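Worksheet: the structure to be examined is printed underneath.
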2 protein chains.
Amino acid sequence: MARQPTVSDVALAAGVSRQTVSNVLNAPDIVRTATRERVERAISDLGYRPHASARRLRTRRSSTIGIRLYPFAGGISGAVLDRYVHALTENAAERGMRILLYTARTPDEEIEQFRRLTDGADVDAFVLTSTFHGDARTGWLLEHDVPFATFGRPWGDDDLGDPQHLWVDVDGAAGTAAATKHAIAAGRRAIGFLGWPSPSGTGDDRARGWARALRSHGRSPDGLRWAVEDDLTAARAAMAGVLTGGGPGPVPDAVVCASDSLAVGAHLAAMDAGVHDLLVIGFDNTPVSEALGLSSVEQRPEDVAVGTLDLLMGAHGTAVDPSVPRTGTGHVLVEPRLIVRE
Amino acid sequence: MARQPTVSDVALAAGVSRQTVSNVLNAPDIVRTATRERVERAISDLGYRPHASARRLRTRRSSTIGIRLYPFAGGISGAVLDRYVHALTENAAERGMRILLYTARTPDEEIEQFRRLTDGADVDAFVLTSTFHGDARTGWLLEHDVPFATFGRPWGDDDLGDPQHLWVDVDGAAGTAAATKHAIAAGRRAIGFLGWPSPSGTGDDRARGWARALRSHGRSPDGLRWAVEDDLTAARAAMAGVLTGGGPGPVPDAVVCASDSLAVGAHLAAMDAGVHDLLVIGFDNTPVSEALGLSSVEQRPEDVAVGTLDLLMGAHGTAVDPSVPRTGTGHVLVEPRLIVRE
DNA sequence: GTCGCCTATTTGATCGATCAAATCAAGGCG
DNA sequence: CGCCTTGATTTGATCGATCAAATAGGCGAC
């Protein structure tokens with residue numbers, strides 16, 4: 001038989017109707033055991049596999065999640081997203097879902113992609129990975145009843161509690177707090193924080209964790225916080241000044257950083273200055289920090305991926321069904337983990 | 001109207017039949033201009049978009065290409081593949097194709113995925129990214145008439161000329177030759193090569209480029225070639241011995257490497273040994289070499305992606321159609337580019 | 001005038017599955 | 001015995017598009 005077998009072929013072989021075959025696949029519990037076993041044998045004998053497009057046409061569901069692939073930034077931090085996408089693909093497959101990629105250069109272009117993919121019933125839901133304040137994309141998706149979840153909190157506080165907006169995020173403050181405590185335990189006396197300029201939702205959160213950890217040990221964070229754009233060279237230059245005592249504040253013997261880019265910059269600045277015992281802790285645990293033997297806070301992209309799917313499909317769901325009322329808080333906060341090196 | 005408009009709605013609005021609407025979309029040249037314009041107006045008035053699954057069911061084509069996402073290796077070299085996947089997604093979108101991800105832990109698991117995705121008419125073709133000698137996957141795909149292309153030459157020579165097997169690859173020898181010539185031009189006298197143990201298709205190819213460049217300048221490669229597994233620590237250890245003069249050969253003042261992992265290892269070994277003028281050139285131009293300011297051979301993943309689609313769909317094709325006879329040689333060899341830093 | 005030919009358009013069938021409603025069989029109970 | 005309920009299975013319609021074949025209309029040739 002050249003043609004792939006269909007439900008009808010299976011039905012014929014098993015001596016039942018099409019619908020019963022369909023039931024064996026989609027609602028096995030309503031089929032009598034004897035019948036079900038007969039159908040299952042026919043399925044495996046014929047090597048039958050459901051035709052995904054036909055099913056999608058009828059059910060108006062695609063079992064597919066769309067995710068945007070960002071242009072290669074040329075930098076370091078893409079690695080977290082790549083791990084996330086991989087974990088998402090793997091876990092989605094276990095639940096019978098697939099991941100479809102798309103690209104866009106601007107938010108408007110992305111909304112245009114939303115249109116294309118939802119109108120064609122190509123995807124059931126979207127995962128957004130970099131949301132920002134006043135993001136038009138989440139508005140569009142809510143308005144058109146398209147399920148979605150974001151990796152990253154909606155930092156506009158109005159949306160934070162909105163149970164309609166599902167989000168997963170990493171508890172950045174907990175991560176930097178753990179890093180800071182590690183530095184304290186290692187006997188460091190002046191523990192600084194190298195972060196990004198305020199306001200930055202993620203960046204300020206990470207700074208808070210560091211400050212809180214210091215205070216809870218009776219220390220003051222004053223004068224030990226520096227901010228530069230997320231760029232290796234900028235970080236290197238800024239830390240060069242700090243380490244040679246050129247700045248107003250004290251000279252640190254440890255630096256907790258908001259990203260691995262900054263950490264590598266700090267590390268190189270220390271090398272430049274001949275300082276060999278500066279404890280540098282990065283964030284994201286990218287290959288670069290691994291290569292240089294720097295400790296780093298690991299975001300656990302795998303756990304974030306599982307959390308994302310739990311939100312979209314329910315903890316044990318196997319489909320994205322917007323009509324099922326949501327249970328739980330509508331968000332997941334993943335505890336990061338400090339990877340200690342050297 | 002809550003429901004998305006269909007061809008029938010458009011047909012009604014434009015006063016034509018369903019099929020004419022379909023023709024406007026798929027074969028505009030056979031529709032009279034006046035009619036076409038009327039239909040096009042109705043399409044945009046109603047905001048009609050074709051239902052992808054319905055079309056796929058009927059045409060038995062999905063306009064989708066499957067690509068495997070590899071488990072996060074924890075290393076450095078994943079970056080090239082990530083850039084490649086991104087470029088593939090972007091270029092595929094321009095041709096009306098989509099990229100679907102899947103994962104697998106073993107070749108057998110991957111073949112199982114081939115089955116699932118082709119039987120369900122989920123994908124039209126596959127792109128394989130890491131082929132090896134005697135790969136069962138290509139055999140399965142050929143046997144089942146599933147179109148595919150590989151990023152990477154089939155190193156088993158029997159397949160190299162087989163026009164059935166489409167492949168794109170980067171001319172690694174040209175890349176290492178360019179790196180070697182750069183070192184010669186920079187006045188280096190003892191230019192070594194740090195690569196992987198033989199036999200390795202890709203690795204031996206890269207070594208050849210280095211040796212050839214040296215010989216064409218009247219120099220001998222003897223005693224300047226070292227081989228370790230693709231691992232930073234192993235490279236660092238190996239080069240430590242070489243740089244301190246502990247080895248049998250001469251001490252190099254430049255090292256061309258088969259990968260950025262090796263290059264970073266060599267660079268760190270030089271730092272350890274207090275050697276500050278060792279010229280290290282990597283391969284893959286990953287964020288790590290960028291961060292450390294090392295020169296590196298860039299694989300041009302974007303060009304590789306374009307080449308892949310050209311092979312699968314024809315230079316200007318917009319669909320994967322196995323019935324169209326193949327033109328050209330069936331493979332593309334991309335010339336890499338040396339990125340010079342510092 | 002009408003026959004054939006070409007082009008533009010329409011009609012009916014079909015792709016492979018699921019939905020909704022109908023049918024059938026087996027008990028339970030007054 | 002007859003009626004109702006429950007559970008298992010079947011039947012006919014449908015999702016939205018394209019394919020293949022049929023039809024209508026215009027034009028030139030005989």
Side-chain angles (χ1 to χ4, degrees), chain A residues 1-39 42-43 46-63 96 116 118-122 124 318-319 321 323, chain B residues 1-39 42-43 46-63 96 116 118-122 319 321 323:
Chain A
M1 164 145 43
R3 184 170 57 78
Q4 277 290 319
T6 72
V7 267
S8 298
D9 298 322
V10 175
L12 201 66
V16 298
S17 71
R18 303 187 310 274
Q19 186 59 35
T20 300
V21 176
S22 174
N23 286 338
V24 168
L25 267 57
N26 300 303
D29 43 314
I30 73 165
V31 181
R32 204 171 42 178
T33 310
T35 315
R36 187 177 62 236
E37 283 166 356
R38 200 146 35 92
V39 172
I43 287 179
L46 295 179
Y48 164 80
R49 288 178 180 279
H51 192 288
S53 292
R55 171 180 284 173
R56 290 208 271 269
L57 170 59
R58 185 68 246 223
T59 61
R60 309 178 142 284
R61 225 183 260 143
S62 67
S63 300
R116 291 207 340 202
T118 52
D119 288 352
D122 270 326
D124 294 335
T318 55
D321 189 347
S323 69
Chain B
M1 158 146 47
R3 181 171 58 78
Q4 276 291 318
T6 72
V7 269
S8 299
D9 298 321
V10 174
L12 201 65
V16 297
S17 71
R18 303 187 311 274
Q19 185 59 36
T20 299
V21 177
S22 174
N23 287 337
V24 168
L25 267 57
N26 299 305
D29 43 313
I30 71 165
V31 180
R32 205 171 41 179
T33 311
T35 315
R36 188 177 62 235
E37 284 166 357
R38 202 145 34 91
V39 172
I43 287 178
L46 295 178
Y48 165 78
R49 287 176 182 279
H51 192 289
S53 292
R55 172 179 283 172
R56 290 208 271 268
L57 170 58
R58 186 67 249 228
T59 61
R60 309 177 146 285
R61 222 183 263 142
S62 68
S63 300
R116 291 208 338 203
T118 53
D119 288 352
D122 271 326
D321 189 347
S323 70

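Order of the sequence lines sets the chain letters (A, B, ...), proteins ahead of strands, with each chain counted from 1. What you see below is based on every heavy atom in this structure, not just the backbone, and it leaves out hydrogens, waters and symmetry mates. Note that the structure is a prediction, hence the values are computed from the model and not measured.
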Problem - Distance in Å, Thr59(A) OG1 paired with Asp124(A) CG, rounded so as to fall on 0.5 Å steps - result: 8.0 Å
Fill in the blank from the handout: Bend of the helix from dG1(C)-dC30(D) to dG30(C)-dC1(D) from end-axis comparison, five pairs per end, nearest 10°, comes to 70°
Exercise for the section: Write out all pairs satisfying salt bridge (charged side-chain N to carboxylate O under 4.0 Å, His left out) with one or both partners inside residues 48-59 of chain A, taking only residues at least two apart or from two chains. Expected result: Arg49(A)-Glu112(B), Arg49(A)-Asp119(B), Arg56(A)-Asp122(B)
Fill in the blank from the handout: For Ala13(B) and Ala42(B), the nearest pair of non-hydrogen atoms, with its separation, is CB-CB, 4.2 Å
Practice task
Check side-chain contact (heavy atoms from CB on, under 4.5 Å) between Ile30(A) and all other residues, then give those that pass, not counting sequence neighbours.
Solution key: Asn23(A), Ala27(A)
Exercise for the section: May I have the step-by-step check of side-chain contact (heavy atoms from CB on, under 4.5 Å) for Leu57(A) and His51(B), ending in yes or no? Expected result: CA-CA 8 Å; Leu57(A) 170 59; His51(B) 192 289; 4.2 Å; yes
Problem - Those residues that, when tested against Ser22(A), pass side-chain hydrogen bond (donor to acceptor under 3.5 Å, both in side chains) (two or more places apart) - result: Asn26(A)
Practice task
Determine the contact category for Ser53(A): base if any of its heavy atoms lies under 4.0 Å from a base atom, sugar-phosphate if only primed atoms, P, OP1 or OP2 are that close, otherwise nothing.
Solution key: nothing
Handout entry: Test side chain to side chain contact (heavy atoms under 4.5 Å, CB included) applied to Val10(B) and Leu25(B), Thr20(B), Ile43(B), Val16(B), the passing residue
Key = Ile43(B)
Handout entry: Positions of residues 16-25 of chain B (non-hydrogen atom under 4.0 Å from DNA chain D), listed by number
Key = Arg18(B), Gln19(B), Ser22(B)
Practice task
Using the test side-chain hydrogen bond (donor to acceptor under 3.5 Å, both in side chains), find all partners of Ser8(A) that sit at least two apart in sequence or belong to another chain.
Solution key: none
Problem - Set of side-chain contact (heavy atoms from CB on, under 4.5 Å) partners for Val24(B), sequence neighbours left out - result: Val31(B), Arg36(B), Val39(B), Glu40(B)
Exercise for the section: Give Arg36(A) one of three labels, base, sugar-phosphate or nothing, depending on what nucleic acid heavy atoms sit under 4.0 Å from its own. Expected result: nothing
Exercise for the section: Give the minimum heavy-atom separation between Thr6(B) and Tyr48(B), together with the two atoms involved. Expected result: C-CE1, 3.6 Å
Problem - Nucleotide range of DNA chain C lying under 4.0 Å from chain A heavy atoms - result: dG16(C) to dA20(C)
Exercise for the section: Take Arg32(B) and Arg58(B), find for each the nucleotide of DNA chain C with the closest heavy atom, and name the residue whose nucleotide sits nearer the 5' end. Expected result: Arg32(B)
